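I have placed the structure first, in the form of structure tokens, so that the comments after it can refer back to it.
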Amino acid sequence: DASDGKVKIGILNDQSGVYADFGGKSSYEAALMAVEDFGGKVLGVPVEVVTADHQNKPDIASNIARQWYDTEQVDSIMELTTSSVALAVQAISKEKKKIDIVTGAATTELTGKQCSPYGFHWAYDTHSLAVGTGGALVKQGGDSWFFLTADYAFGYSLEENTGNYVKENGGTVVGAVRHPLATTDFSSFLLQAQSSGAKVIGLANAGLDTSNAIKQAAEFGIVQGGQRLAALLFTLAEVHGLGLDAAQGLTLTEGFYWNRDEESAKFGKRFMERTGKMPNMVHAGTYSAVLQYLKAIEKAGTDETEAVAKELHALPVDDVFAKNGTVAPNGRMIHDMYLLEVKKPDESKEPWDYFKVLATIPGKEAFIDPAQSGCELVKS
Amino acid sequence: MTMIFGIPLQAFLGQLLIGLINGSFYALLSLGLAIIFGLLRVINFAHGAQYMLGAFMAWLLLSYLGIGYWPALILAPLLVGLIGAVIERTMLRRLYTLDPLYGLLFTFGLALTIEGTFRYLYGASGQPYATPALLMGGANLGFMFLPIYRGWVIVFSLVICLGTWLMIEKTKLGSYLRAATENPVLVQSFGINVPFLLTLTYGLGAALAAIAGVLAAPIYQVSPLMGSNIIIVVFAVVVVGGMGSIMGAIVTGYLLGIAEGLTKVFYPEASNIVIFVIMAIVLLLRPAGLFGRDA
Amino acid sequence: MTVAMPLENGAPRVVLSARGLRRDFGGFTAVKDVDLDVHHARVHALIGPNGAGKTTVFNLLTKFLQPTHGTITLLGEDITRTAPDKVARMGLVRSFQISAVFPHLTVLDNVRVALQRPNRLATQFWKSLSSLDTLNGKAEQLIRSVGLDKEANAVAADLSYGRKRVLEIATTLALEPKVLLLDEPMAGMGHEDVGMVAEIIREVARERAVLMVEHNLSVVATLCHHVTVLQRGEILAEGDYATVSEDPRVRTAYMGTEEASR
Amino acid sequence: MLDMTLTLELAKRKERSPAIVQTVFLGVGLACLLLAPLFFYPVFLMKILCFALFACAFNLLLGYTGLLSFGHAAFFGGAAYFTAHAVKEWGVPPELGILLGVVGAALLGAVVGFFAIRRQGIYFAMITLALAQMFYFFCLQAGFTRGEDGIQSVPRGHLLGFIDLSQPTNMYYFVLAVFVIGIAMIWRIINSPFGMILKSIRENETRAISLGYSVRNYKLAAFVMSAALTGLAGGLKALVFQFATLTDVSWQMSGEVILMTLLGGIGTLIGPLFGAGLVVTLQNYLATSEFPVTIITGIVFMVCVLLFRRGIVGEFYNSRLGRRLGFEHRHKH
Amino acid sequence: MKPLLKVAGLNAWYGESHVLHGVDMTVGEGEMVTLLGRNGVGKTTTLRAIMGIVRERRGEISFAGEDLMRVPLHRVAHRGLGFVPEERGIFSTLTVYENLLLPPAVAKGGMTIDEIFELFPNLHERRNSAGTKLSGGEQQMLAIARILRTGVRMILLDEPTEGLAPVIVQRIGEVLKKLKERGMTVLLVEQNFRFASKVADRFYLMDHGRVAGEFPVSELSGRMDMLHDVLGV
Ligand SMILES: Nc1ncnc2c1ncn2[C@@H]1O[C@H](COP(=O)(O)OP(=O)(O)OP(=O)(O)O)[C@@H](O)[C@H]1O
Ligand SMILES: Nc1ncnc2c1ncn2[C@@H]1O[C@H](COP(=O)(O)OP(=O)(O)OP(=O)(O)O)[C@@H](O)[C@H]1O
Ligand SMILES: [Mg+2]
Ligand SMILES: [Mg+2]
């Protein structure tokens, strides 16, 4: 049974900073929806969700995490946007023997060298994005690539992973240019990409950088010129911010699309009613993570960490987010990813109808083979 | 084909032009900063926020009132200038008698507040703003494809910069402004309404930032973060120029824009620090900046 | 009127000298071919109409400005390329035409700051402030000597202009300079203070060289052993006051037709 | 020249400042800090102490030399990276790790200072900001900092080989000790012959030169000292939180430390402690509230500058009670 | 003579320090009045308070029959009152010429630029150099000249001879006399007592923030002991 008369879940993410649209307050809504859908109670005790804004500062996040665990009987922490925060909180959770499920951060370190027996990585990671966009696009004919890469570790790993998949599938990488983080003007880089003659321009960056690059690519007529843009980390929320005029033709990978099928559409509309926007993979992933966590508690018959973690590893995932998900020993939730293309304005039939699903990437291909992940929990 | 530094002349020209576009924004922004600093001795940290406000104002006018780009090009700066004037009247002016650093700190707080508010209301990922129909499309210049809108940015920013310069250097208003910088009380004792002049100046500086913002809206994502990303670079531009002269701010703005543009070709990784490096070198060789007056 | 030269053993010693000093500002030459010898134990006046270049000469001698041409020698060493603070450490100290004090320090602290360096109490960041109390005796003595004792604990900014000038002289003296450059030390002072400062200068000049700019001719007449008259950056006349003041060129260029001194 | 003066004069005017009052204050304060872990969350307290030390070191420059650095995050975050790297990758003991952080920050301070002291006033602020931004980009790209992941899971190790710092209580008292030593050093620097010269340079630079002081060297020395003490705080923070990330080198952090100093009282020795306490508490509180943090921070900033320029401690010193107790905080414009 | 400026019970403060303790004086139209007093008695403060630069003040000030207490600083000049500060206030970013042209003319009857250059040939010679590149004396001339252009009826002149060469002092004396002929009213603060005695019609003696005595120039020789007491002449 539950240790202290209730099960408490903390949603810790950025609610006021650069990633506020990516997850933000809406992730908290998603968690509440999951609790409601589960019935509000588990093992006969109420489920409570608390939330905090870590302001993208690992020290604030870590203070809150400790306080939650030590004095507020929080049983698990989820979402955790931005990798420095996610890694820091996962380390604390490991030390305190608590469960954390990351849906907001991208780094594969979470299930690699810095993995935790109680840590899970749910929605996506840099690897799956690279495989999705890189691999699948080559199969669609985009076999020569030029990268616009944000000049730091995150950008490199996206570029490298994607490049590998491009080559593995028989494509070539004709060039790359490294641009500084928070560049506003991409025209120089875009001209270089344009003159490279590559069929696909891969945007190995994130957030506002990607948005600006896409917007300016439209201005310079890159897509009309026959080249394809592929964003390596970009979600529905950002496409919405950019508008279909600028974003049309863009290819990207997400772990979820609300208009994928009927069930997802129903979920999307419910979410929309509560938050004013459609969910992206972070929101849906958080929903799924909470739901699965509650299922695991019920299955284990207790909210005690070891037992719940064991169930989380064992239970298959089957909900609106993931259809045939499994959890690997390193904590990675393996599920299908989707290669999506942004519709032209006249193809879009209703608000938020932004994507065409180009391909489904099976989980096995999308995520790193746990044995290769570098996580010491995986026995080879 | 003619080659320059290992790249074709044509590509080189293209990059030069693109640098100039970047420089247009730097010039407009550092011009506003220099004017505000020149008269108020305030480093306007909120300048970036006012730039962002200009862009957002254009977007708000469009999405809520259906007012398009052209009217917005006048209305948005006017509104932002007005907001600036009100802020100066009610708050900033209490700080003039204090050490200039308080002005810096106040505007820093102001910048956080404005930016935070927009982030809170409209999120961080930004809003779309379309290029005005008249300036849609591009021209093939032979060496590059130049979007017409970008050409417009260069021309318009040049006009604004020169106009402002003429107004300040060649009119009585300019000498009032410069004199009031040094000794406002005395200028006031001559019968000139200095408080009003100060309000006007801050409003003008803010409006210049807003003009840059409106110009930027169709090119960059209209996002609450757009200001803080650019403002630190503009500060460096201002240090390099040396705030001695208005012309200095303008010329340095364009020059550094070009320098940055060329770095993007030859050594892209350094393109965000090239201005800081130039700043360090200039400080070593000419501590007062390229156009600074005091040696 | 001529001030008697103090008798020294042997010839008067030159402590500061400039040869062929010149300074251009853009196209304008503020100082041109100035040769100047400042002697130990003498008060040397530099006078001349406004804009003659007196302050500029001071700035050149103290290295606050670089000369365009010429050499400067202090106590036998060439200081033409030396930094201003170094020159001050070598014993050449100046006052400024517009008063220069540390406005928010007390009068006592103003003087103590000046005393710190010669007493090697400036870089010690590990010592306590009370280690500066050893300077109090000296500081108070200086303050008394310029008649600021009542204001010793006042903040310098609260002093009137004239009193600030007096304070500045006290801080200058605190360094026990070998050569003292005073730029219009009596400007803006009341009559009493003028007399007092004149007395102080006379006193300190027994042991050191003084070069001063002054427009108050009665002070120049009674205090200075040697007068150099500058005009348009060039030396117009030189000699003791009596000689110089008889010079018709000096009379038209500087003194005017009547005695307008105070 | 900066015409701001904020002087805390304790040592002088003995007749008006009963040393007993201050000793009592000091004693009570120290006792509070010693007992605090009984009532508050230790990591939270340690964070406050780290930031307080950071703000005090920053204040050494702003409050007593009149130099507003807008780039102190570089020294803070830089030292955090150096310490974290040394402890984690080279396995050095914590005290040595912190020392390396301090040395690194001091070197960094020497470089930044070398450029920055060439200009005065707000230019100085902008130059430090720009150079710190350069350092930020360096950290973003350099391999050893691990980009946006940061250096994680830094072991706290054993102090002097036998005190286990992974114990929160041990760690707390270690942090407290370093904090007290740091503050004592700052106090000594301010109230020293050297500090007096700094003060006079701030007042009238030209006059200081004419008195024979090599102003640049003094400024640079003050800058390096401030950077080194900032590094002490940064290194300590890396051990407390067991990570070093980009947040601590970003310019927002430079802004935050200014806020802390301003809130607590520029030019007061212990003001920054209160400022840091307030900011950290505020951030923690706002994290779980509905209010957007940046807006509140911005408003606090503005209100502070407009209405409470003396800061908490400065206002207290200046209040009737404060004066009665013999404190003095002069704030002239 | 009709009083142009009338000051009664003027008190003034700098923050907490009370500097003027009830100054009373009148200056007649076309009169030249000198304010004597030691350093720090409040002469400058008196001028600044009349002008409205020191705003912490109480008492009565009327100019040409109008109350000045409530007039904002930038309107005072338009009533015909000009001020030349002790520190001269030459603008370094403006040339000599621009400095001269800076104050707007508030009434007819000011001097023309040519007249001014005739009066101060130095200024003519250096008209295109930056204001503060002038020597101290040149700056003082510029400061006075600047006000003469505007056509004010009365100027407040703070220690105009400070730091000037005797020839220039003489010249300024002549200028003041010429101004008087033109009917200009002047309130002069001066330490240079001999200079003042050549130009002034009347003297006020200040001590401790108050007027301690008053006499016309004709009585000067009879008042020497009073001057001695208050000024230490
Ligand atoms: N930095 C400068 N740039 C240009 N011209 C200058 C500069 N400094 C001084 N001058 C010019 O050089 C000349 C000499 O100036 P200086 O200040 O030395 O005169 P001075 O003899 O001290 O006069 P005063 O007795 O009035 O103080 C003046 O005409 C002045 O305008
Ligand atoms: N800004 C100020 N703040 C505080 N006190 C001041 C200020 N200015 C002047 N005082 C003080 O007010 C008193 C009167 O000063 P004021 O300048 O009016 O004297 P003054 O008669 O003009 O003297 P001086 O002949 O030296 O110019 C002096 O004691 C001075 O210290
Ligand atoms: Mg001079
Ligand atoms: Mg005066």
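Throughout, protein chains are lettered first and strands after them, A, B, ... in sequence-line order, and every chain is numbered starting at 1. None of the values given here were measured: they were computed from a predicted structure.
B:Phe235 touches chain D through backbone and side chain together, each having a heavy atom under 4.5 Å away. Residue B:Val233 does not touch chain D at all, counting heavy-atom pairs closer than 4.5 Å. For chain B, no part of D:Leu259 is nearby; none of its heavy atoms comes within less than 4.5 Å. Interface remark: B:Leu95 contributes side-chain atoms only to the contact with chain D (heavy atom separation under 4.5 Å). In this structure, chain D has a heavy atom under 4.5 Å from the side chain of B:Leu104, while its backbone stays farther away. Interface remark: D:Phe138 contributes no atoms to any contact with chain B (heavy atom separation under 4.5 Å). With a threshold of 4.5 angstrom between heavy atoms, B:Met279 approaches chain D through side-chain atoms but not through N, CA, C or O. Interface remark: B:Arg119 contributes side-chain atoms only to the contact with chain D (heavy atom separation under 4.5 Å). Residue contact with chain D, scored on non-hydrogen atoms closer than 4.5 Å, is absent for B:Thr107.
For CZ of D:Phe115, the number of neighbouring non-hydrogen atoms (other residues, nucleotides, ligands) closer than 6.0 Å is greater than 12. Within 6.0 Å of CZ on D:Phe144 lie more than 12 heavy atoms contributed by other residues, nucleotides or ligands. Annotation: B:Tyr120, atom OH; neighbour count of heavy atoms from other residues, nucleotides and ligands within 6.0 Å does not exceed 12. No more than 12 heavy atoms of other residues, nucleotides or ligands sit less than 6.0 Å from atom CZ of D:Phe291.
In this structure, the side chains of B:Ile273 and D:Phe135 stay at 4.5 Å or more apart for every pair of heavy atoms. Counting heavy atoms from C-beta on, the side chains of B:Tyr102 and D:Leu262 come closer than 4.5 Å.
With sequence neighbours excluded, no residue forms a salt bridge (charged side-chain N to carboxylate O under 4.0 Å, His left out) with B:Arg89.
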Steps toward side chain to side chain contact (heavy atoms under 4.5 Å, CB included) verdict (B:Glu115, D:Thr294)
CA-CA 8 Å; B:Glu115 202 185 287; D:Thr294 357; 5.7 Å; no
Pair D:Ile258, B:Leu105 - check side chain to side chain contact (heavy atoms under 4.5 Å, CB included), show working.
CA-CA 8 Å; D:Ile258 298 174; B:Leu105 298 182; 3.3 Å; yes
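For B:Phe45 and D:Phe70, the ring centers are positioned less than 6.0 Å apart. For an aromatic pair to be called close, the ring centres must be under 6.0 Å apart, and D:Phe301 with B:Phe106 fails this.
Annotation: the span from D:Met126 atom CE to B:Ile231 atom CD1 amounts to 10.0 Å, rounded to 0.5 Å. A distance of 10.0 Å separates CD1 of B:Ile232 from OH of D:Tyr136, quoted to the nearest 0.5 Å. Atom CG of D:Leu307 is separated from atom CE of B:Met91 by 10.5 Å, given to the nearest 0.5 angstrom. To the nearest 0.5 Å, atoms OG1 (B:Thr113) and CD1 (D:Ile299) are separated by 5.0 Å. The structure places CD1 of B:Ile275 at 12.0 Å from CE of D:Met134, a figure rounded to the nearest 0.5 Å.
Using the six-membered ring where Trp is involved, B:Phe276 and D:Phe137 have ring planes that are parallel, under 30° apart on the 30 and 60° scheme.
A salt bridge (charged side-chain N to carboxylate O under 4.0 Å, His left out) check over residues 258-275 of chain D, counting only residues at least two apart or in different chains, returns nothing.
When each of D:Ile127, D:Leu131, D:Val303, D:Val293 is scored by its heavy-atom pairs under 4.5 Å with chain B, the top score falls to D:Ile127.
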